Amino acid sequence: MRRVVLFFSLCFSFLQAQESKTLYFDFAKEVPNAISLKNFDEWISSNNNIEILQIAGYCDSVDTNLSNIKLASKRIQSVLTLLKSKNSRISNSLIQEVHGEDFKQSKIQAENRKVTFFYKIVEEPITETELLVEEKPKEESLVEKIEKERISLLDKFEKANVGDKIVINNIHFQFNSEIIIPESEPLLEQLLFAMELNPDLEIKVLGHICCNPDPKDTKLSYRRALKIFNYLRDNGIQLRRLAYKGFGSNEPIYPIPEKSEEEKIANRRVEIEIIKK
């Protein structure tokens, strides 16, 4: 079975040699507890020249694994916000691991409710000028867009009702092909994980393309939807839970011909229709 951390597992051993810090949380809380915050404030005063390389969130074994994954993600974001407020550097290649309860748990539940981050000491302190530069919004890379969408996908499935369509914007294919680019594979794995977490969930994969004014030309969108259908089937999802359909360019978000690359990307999308929950 795949897990949320699959995408990052190969990176973990590399960072073991880095220094780490752990903050603890009270039951079901998203922000560190008072003792951890006091300890952190004392610690950061003598460790203000650091760069955060990796961060991992954990939960106790209470509640469902899906709920704990969501809570672990929120705990990570809470600690990142805290670090940024203290002017800590966040690596551009930051690794995030969302474990939920899926890790070797301590018998003491309080020890499982935590966020651990790995960091290194930077030689020169961060300057006011550098802070101003970092505050400027940066254009997200494709990998960053995919990771942001991957993290949000489970929440979308939890909130969706029967008949809703969940848009997945960053499952990208090679030109004029149903071959999915490697960068998009984490989204496929997360889609599979959502199906595994929700055994009653039944879906239809909907394929859409851009740029083609011929409404009868649905072959490419059909093959792309079938590719995702086959991926889920080949990884253990029962056929009775799956269906697929290709719409070609018959249901564009933006009129064809599109006016920009952004409009083409929006039209060239994958949707997951919720058939049963």
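Basis for what follows: all heavy atoms, side chains included, without hydrogens, waters or symmetry-related copies. Everything numeric in this text was worked out from a predicted model, so none of it was measured.
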So does Ile209 get a backbone contact from the side chain of Ser249, meaning a donor-acceptor N/O pair under 3.5 Å?
no

Go through the steps for Leu220 and Asn176 under the test side-chain contact (heavy atoms from CB on, under 4.5 Å), then give the verdict.
CA-CA 7 Å; Leu220 180 58; Asn176 201 32; 3.8 Å; yes

Is NZ or CZ of Arg75 both nearer than 6.0 Å to the six-membered ring centre of Phe25 and within 45° of the ring axis?
yes

Assess whether side-chain contact (heavy atoms from CB on, under 4.5 Å) is satisfied between Ile168 and Ile272, documenting all intermediate values.
CA-CA 8 Å; Ile168 305 181; Ile272 305 299; 3.8 Å; yes

So how far is it from Asn47 CG to Tyr119 OH, rounded to the nearest 0.5 Å?
5.0 Å

Can you tell me how far NE2 of His208 sits from CD of Glu251, rounded to the nearest 0.5 angstrom?
5.5 Å

Salt-bridge contact Lys70-Glu158 (side-chain N to carboxylate O under 4.0 Å)
yes

Are Asp26 and Arg113 ion-paired here, with the side-chain N under 4.0 Å from a carboxylate O?
no

Could you tell me if Asn68 and Asp63 have a donor-acceptor pair between their side chains, going purely by distance under 3.5 Å?
no

One thing to verify: whether Lys156 and Asp164 come together as a salt bridge, which I'm taking to mean a side-chain N less than 4.0 angstrom from a carboxylate O.
no

Check the angle between the aromatic planes of His99 and Tyr58 and answer parallel, tilted or perpendicular using the 30° and 60° thresholds.
parallel

Decide, yes or no, whether a salt bridge links Glu202 with Arg240 under the criterion of side-chain N to carboxylate O below 4.0 Å.
yes

Dump the intermediate steps for side-chain contact (heavy atoms from CB on, under 4.5 Å) on Leu242 and Ile237, then the final yes or no.
CA-CA 8 Å; Leu242 301 171; Ile237 303 303; 3.9 Å; yes

Rounding to 0.5 Å, atoms SG (Cys210) and CD1 (Ile253) come to a distance of 11.5 Å

Atom pair CD1 (Ile50) and OG (Ser91), whose distance is rounded to the nearest 0.5 Å:
12.5 Å

Is it true that Phe247 and Tyr222 have ring centroids separated by less than 6.0 Å?
no

Please lay out, stage by stage, how Leu154 and Ile69 fare under the test side-chain contact (heavy atoms from CB on, under 4.5 Å).
CA-CA 9 Å; Leu154 292 179; Ile69 287 170; 3.9 Å; yes

Lys277, NZ: over 12 other non-hydrogen atoms inside 6.0 angstrom
yes

If we ignore angles and hydrogens, is there a donor and acceptor under 3.5 Å between the side chains of Asn267 and Glu258?
yes

Can Lys145 and Glu149 be counted as an ion pair, charged N to O under 4.0 angstrom?
no

What's the spacing between Leu53 CG and Glu19 CD if we round to 0.5 Å?
10.5 Å

Asn39 versus Lys21, side-chain donor and acceptor atoms under 3.5 Å:
yes

The test is salt bridge (Lys or Arg N to Asp or Glu O under 4.0 Å); show your working for Arg223 and Glu178 and say whether it passes.
CA-CA 6 Å; Arg223 297 200 311 269; Glu178 66 274 21; 3.0 Å; yes

Kindly work out whether a path of hydrophobic side-chain contacts (I/L/V/M/F/W/Y, heavy atoms less than 4.5 Å apart) joins Ile275 to Phe157.
no

Heavy-atom neighbours of Ile108 CD1 exceed 12 at 6.0 Å:
no

Pair Ser67-Thr64, side-chain donor/acceptor within less than 3.5 Å
yes

Regarding Gln109 and Ser61, is there a side-chain donor-to-acceptor distance under 3.5 Å anywhere?
yes

Spacing of CD1 belonging to Ile203 relative to OH belonging to Tyr244, to within rounding of 0.5 Å
13.5 Å

I'd like to check the side-chain contact (heavy atoms from CB on, under 4.5 Å) partners of Glu185; sequence neighbours left out, ordered by chain and number.
Pro182

Would you say the side chains of Glu183 and His172 form a donor-acceptor pair under 3.5 Å?
no

side-chain hydrogen bond (donor to acceptor under 3.5 Å, both in side chains) involving Glu30 - partner list, sequence neighbours excluded
none

